[in-house]
Peer 1: 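I have a structure here, written as structure tokens, and I will follow up with some questions on it.
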Amino acid sequence: DSHKHKDKHKDREHSHKEHKRDKERENSKNGNRQQDKHFRFSPCNLSGLSYTRMCCFSSLSIKVEEDNGYHLPIKHEKPLKRERDEDEYEHKPKKLKVDNEKKVKKRKQEDKVKKDSTGGKKKAKNEPQEKWKWWEEEKYTDGSKWRFLEHKGPVFPPPYEPLPDRIRFYYDGKAMKLSPAAEEVATFYAKMLDHEYTTKDIFRKNFFKDWRKEMTPEEKSKITELKKCDFTEMHEYFKAQSEARKQMTKEEKQKIKEENERILQEYGYCVMDNHRERIGNFRIEPPGLFRGRGDHPKMGKLKRRIRPEDIIINCSKDSAHPQAPPGSRWKELRHDNKVTWLVSWTENIQGSIKYIMLNPSSRIKGEKDWQKYETARRLKKSVEHIRAQYREDWRSKEMRIRQRAVALYFIDKLALRAGNEKDEGETADTVGCCSLRVEHIRLHPQMDGQDYVVELDFPGKDSIRYYNKVSVEKRVFKNLQLFLENKQAKDDLFDRLNTSILNKHLQELMDGLTAKVFRTYNASITLQQQLKELTSPDDNIPEKILSYNRANRAVAVLCNHQRAPPKTFEKSMHNLQTKIDEKKKQLSAAKKELKAAKADAKMLRDEKSKKAVEMKKKAVQRISEQLMKLEVQATDREENKQIALGTSKLNYLDPRISVCKKYWCGNSFKVAYVPSK
DNA sequence: GTGTACACTTAGAAGCGATCAC
DNA sequence: GTGATCGCTTCTAAGTGTACAC
């Protein structure tokens, strides 16, 4: 019997997008593909000291073996071997300096001295761009995140600018002038007319409900049906505006660029502990319609405009406090150095808190990132023991222990997320490991020539579908059968488990261990093993890049990092195919010419015709190479259609693996910071 | 044990300037 | 010159995990 509430989840269908993805996945049995357009660089300013890195890749294919210890949700042609234990992830770390009170005190004093010498303000803006090796400095041990923090506060979006009178809204075929408040919300919808969102019932319903709240009583009584609303003039107006922006002269564009740069310099940086640091998101989110992912019950709701009165400012007592815009005041001015955020506010859709924090290149983010990979490396040392433990626990007398052990096996083997419980009706129905339900799993004692196959099919984070068939150990299979007994589709698979229980257990096994550490560890170790397998010391740079991309793709597949195929995908593939066809024709013609030249040479037996043969041979060779390149490009693009490589690069792969000398491929990476040599 | 608040990381979509191909 | 594509940034939603009250 379930300890958790049952029947709490309503039947939901896959979103339209997901259906599209499913269909495409089916159509692409040899693997998912993605055009490597989406690649997110980590901020990697050498003076910015990011613990993350910057790489230049093209997309390349990987192939996956059926049973390699890691069971990837997306299948590929070639085996991706991944051994569980690989010592090379064991780079010697640079010894972390241990903080002590004396050193922290010294740093504090130094900060004070520098501050005093600059009249209470840091000389940050025009400081020479000298590398700051924050990783060589001591860390705070008292839980504080900084000693001094000064910033200029957030940048607010511009106020609403009413539409020109010539741009009209029509209701039931008749032009109608809207009040400014109602008009503003209408423009949010009008701007999205081309988007799939506006075809969704929930989106339309939520928008209309919230829009009506902004209307005057007269408007409210008149506008009663969304389907009678005509926003097309507004839509065309915004499209024309966007077009006009594109058509601006170089000078106009330059002027805007300079203004943006000025704002960035003024508001985009803060001073934290004597260093000028880039802020990640210094702009307040503008009002608009909420774009929840998947079947989000709140999509289309009005995201209200944030006012200074909603804003909490966090900074040092002894800093120059940011000033609220004239005529307004902040909600609160706080001096909490136990947190890293500079500005916060509560949003109105979920009631959650939003923050303005530092850029990933900052000391504070870099240190956290580093710690994350250090924890993953510690896990490497304990992982065999932990695996032995959970295998033992599969036989436990207690159901809760068995469930915990099977869930952990999934998290380790399949790199699943923990799966916290979520508020029903407040968010899209998505699950992770601990929140899997009976309906998400199917057991096949035999399937495709394999024993004990578990078929997993569930919506994960961002409503991305996780689909995988994996052969498991007999004991796991038997346990799963037991967990499913006497349960309905909507019941929890692991009814005696949640993330809190699981993480408490993990904490006992290793200090700092939580479910997500397994994802980091397994992603990084997969990269390393793939690099080892796919590269050889004699490889040239393109070959190494090819291997790196394949290894990266293996990680993306393991972590189920997917994206929607680009809108222009089909068209661009079609264009590429046309090129291939033309090239084939060219090749065929060149071959004919070569044949003719050979015949001439045989007859004439002179130097000129011999030379002609050589020329034609070279032409055939050149065209063949061009054709091959195009074909590789097509395969590559097709295989990368749905795989997103950026997330793993940015969040899961220890940069020390990418810059390891053994796999180093020169100009492929720009490294901001390599902590160990 | 449960619920909630909070702080932070992870995530895909969208935007945009630069470059390429024609 | 123009449209397509690339390479990257920005935006913000959606997760994880901890602390704390009851």
Side-chain angles (χ1 to χ4, degrees), chain A residues 3-4 17 34-44 54-59 145 195-197 242 245-246 253 256-257 260 268 280-286 288 290-294 296 298-299 303 314 336 338-341 344 346-347 349-360 364-365 368-369 372 417-423 426-428 430-435 460-464 498-504 506-507 512-517 519-520 523 559-564 566-569 571-572 575-576 579 633 637 642 644-648 650-652:
Chain A
H3 279 187
K4 297 178 195 168
K17 193 165 94 184
Q34 142 180 323
Q35 185 187 7
D36 194 8
K37 174 189 160 196
H38 174 94
F39 167 56
R40 182 165 34 162
F41 271 31
S42 62
C44 177
M54 201 153 83
C55 321
C56 312
F57 305 105
S58 68
S59 51
K145 306 287 168 56
H195 204 288
E196 197 192 328
Y197 273 119
S242 157
R245 269 196 300 276
K246 280 180 202 158
K253 282 182 181 170
I256 292 172
K257 209 174 164 185
N260 283 337
N281 54 328
F282 57 90
R283 291 175 195 273
I284 297 289
E285 293 172 19
F290 177 68
R291 300 180 178 208
R293 300 186 182 151
H296 200 296
K298 296 192 174 180
M299 66 165 73
K303 246 179 77 161
N314 193 32
D336 181 0
K338 296 280 192 289
V339 295
T340 65
W341 55 267
S344 77
T346 303
E347 54 92 24
I349 305 290
Q350 316 274 11
S352 64
I353 307 168
K354 299 265 188 171
Y355 301 96
I356 288 182
M357 291 180 182
L358 295 195
N359 185 279
I364 215 153
K365 293 287 184 189
K368 261 305 199 49
D369 211 31
K372 175 180 77 186
R417 293 188 185 85
N420 282 323
E421 283 165 85
K422 296 173 76 185
D423 287 341
E426 298 289 304
T427 54
T430 63
V431 297
C433 185
C434 294
S435 50
K461 183 178 180 179
D462 292 324
S463 294
I464 301 286
N498 60 37
T499 53
S500 172
I501 294 169
L502 180 66
N503 281 334
K504 260 183 203 152
L506 293 175
Q507 182 60 42
L513 185 61
T514 61
K516 77 195 267 286
V517 180
R519 238 168 115 79
T520 312
C559 294
N560 201 35
H561 289 147
Q562 296 185 49
R563 61 167 191 173
K567 281 172 198 154
T568 55
F569 184 82
K571 198 180 167 192
S572 111
N575 291 345
L576 196 53
K579 274 188 198 172
Q633 200 182 341
R637 203 178 285 182
Q642 276 182 280
L645 301 179
T647 302
S648 52
L650 202 59
N651 299 308
Y652 288 103

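In the text below, chain A, chain B and the rest are named by the order of the sequence lines, each starting its count at 1. Just so you know, these numbers come straight off a predicted model, no measurement behind them. The figures that follow rest on heavy atoms only: side chains count, while hydrogens, waters and symmetry mates do not.
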Peer 1: Pairing donors with acceptors under 3.5 angstrom, does anything connect the side chains of A/Arg291 and A/Tyr197?
Peer 2: no
Peer 1: Given B/dT10, B/dC6, C/dT12, identify the nucleotide with an atom nearest to the side chain of A/Tyr355.
Peer 2: B/dC6
Peer 1: Find which nucleotide of DNA chain B each of A/Thr346 and A/Ile364 is nearest to by heavy atoms, and output the residue with the more 5' nucleotide.
Peer 2: A/Thr346
Peer 1: Send over the distance from A/Glu347 CD to C/dT12 P, rounded to a whole Å.
Peer 2: 12 Å
Peer 1: Output the distance between atom CG (A/Asn651) and atom NZ (A/Lys516), rounded to the nearest 0.5 Å.
Peer 2: 9.0 Å
Peer 1: Touch check for A/Thr430, heavy atoms < 4.0 angstrom, all strands: base, sugar-phosphate only, or nothing?
Peer 2: sugar-phosphate
Peer 1: Counting only distance, no hydrogens or angles, is the base of B/dT9 paired donor-acceptor with the side chain of A/Lys365 under 3.5 Å?
Peer 2: no
Peer 1: For A/Lys338, does its backbone N or O pair with a side-chain atom of A/Asp336 as donor and acceptor, under 3.5 Å?
Peer 2: yes
Peer 1: According to a strict under-4.0 Å criterion, is A/Lys145 in side-chain N/O contact with OP1 or OP2 of B/dC8?
Peer 2: yes
Peer 1: Heavy atoms only, 4.0 Å cut-off, all strands: where does A/Lys246 land among base, sugar-phosphate and nothing?
Peer 2: nothing
Peer 1: Figure out the CZ/P separation between A/Arg245 and B/dG17, and round it to whole Å.
Peer 2: 10 Å
Peer 1: To the nearest Å, give me how far apart NZ (A/Lys257) and P (C/dT10) are.
Peer 2: 12 Å
Peer 1: Quickly work out the A/Glu421 CD to B/dT2 P distance and round it to whole Å.
Peer 2: 8 Å
Peer 1: Does A/Arg519 reach a base, just sugar-phosphate, or nothing at all? Heavy atoms under 4.0 Å.
Peer 2: sugar-phosphate
Peer 1: For A/Glu285 and C/dA13, what is the distance between atoms CD and P respectively, to the nearest whole Å?
Peer 2: 5 Å
Peer 1: Are the side chains of A/Thr340 and A/Leu358 in touch, meaning some heavy atoms are under 4.5 Å apart?
Peer 2: no
Peer 1: Has A/Tyr652 got a side-chain N or O lying under 4.0 Å from the OP1 or OP2 atom of B/dA11?
Peer 2: yes
Peer 1: At under 4.0 Å, does any side-chain N or O of A/Lys338 touch on OP1 or OP2 of B/dA7?
Peer 2: no
Peer 1: Looking only at side-chain N and O atoms, does A/Arg293 come under 4.0 Å of OP1 or OP2 in C/dT12?
Peer 2: no
Peer 1: Establish, from distance only, whether the side-chain atoms of A/Asn420 and A/Thr499 form a donor-acceptor pair under 3.5 Å.
Peer 2: yes
Peer 1: OP1 or OP2 of B/dA14 sitting under 4.0 Å from any side-chain N/O of A/His195?
Peer 2: yes
Peer 1: Look at the side chain of A/Lys372 and decide which nucleotide, out of B/dA13, B/dT10, B/dA7, has an atom nearest to it.
Peer 2: B/dT10
Peer 1: Taking only N and O in the side chain of A/His296, is any of them less than 4.0 Å away from OP1 or OP2 of C/dA14?
Peer 2: yes
Peer 1: Determine, for nucleotides 17-22 of chain C in 5'-to-3' order, which nucleotides have protein heavy atoms under 4.0 Å from the base (write B), from only the sugar-phosphate (write S), or from neither (write -).
Peer 2: BS----
Peer 1: From B/dG12, B/dA13, B/dC8, pick the nucleotide closest to the side chain of A/Asp462?
Peer 2: B/dG12
Peer 1: Quickly work out the A/Lys368 NZ to B/dA7 P distance and round it to whole Å.
Peer 2: 12 Å
Peer 1: Is A/Glu426 salt-bridged to A/Lys298, cutoff N-O under 4.0 Å?
Peer 2: yes
Peer 1: From the list C/dT12, C/dA14, B/dC6, which nucleotide is the closest neighbour of the side chain of A/Pro286?
Peer 2: C/dT12
Peer 1: So what does A/Thr340 touch, heavy atoms closer than 4.0 Å: a base, only the sugar-phosphate, or nothing?
Peer 2: sugar-phosphate
Peer 1: Are the side chain of A/Asn314 and the backbone of A/Trp341 linked by a donor-acceptor contact shorter than 3.5 Å?
Peer 2: yes
Peer 1: Between A/Asn498 and A/Glu421 (side chain of the first, backbone of the second, donor and acceptor by atom type, cut-off under 3.5 Å), is there such a pair?
Peer 2: no
Peer 1: Starting at atom CG of A/Asn281, determine the distance to atom P of B/dT10, rounded to an integer number of angstrom.
Peer 2: 16 Å
Peer 1: For the side chain of A/Arg291, counting heavy atoms from C-beta on, which of B/dT10, B/dG12, B/dA14 is nearest?
Peer 2: B/dA14
Peer 1: Please report, rounded to the nearest Å, how far the P atom of B/dT9 is from the CG atom of A/Leu358.
Peer 2: 10 Å
Peer 1: Looking across every strand, which nucleic acid part, if any, lies under 4.0 Å from A/Gly460 by heavy atom: base, sugar-phosphate, or nothing?
Peer 2: sugar-phosphate
Peer 1: Using distance alone, with no hydrogens and no angle criterion, decide if A/Thr520 and A/Lys372 have a side-chain donor and acceptor under 3.5 Å apart.
Peer 2: no
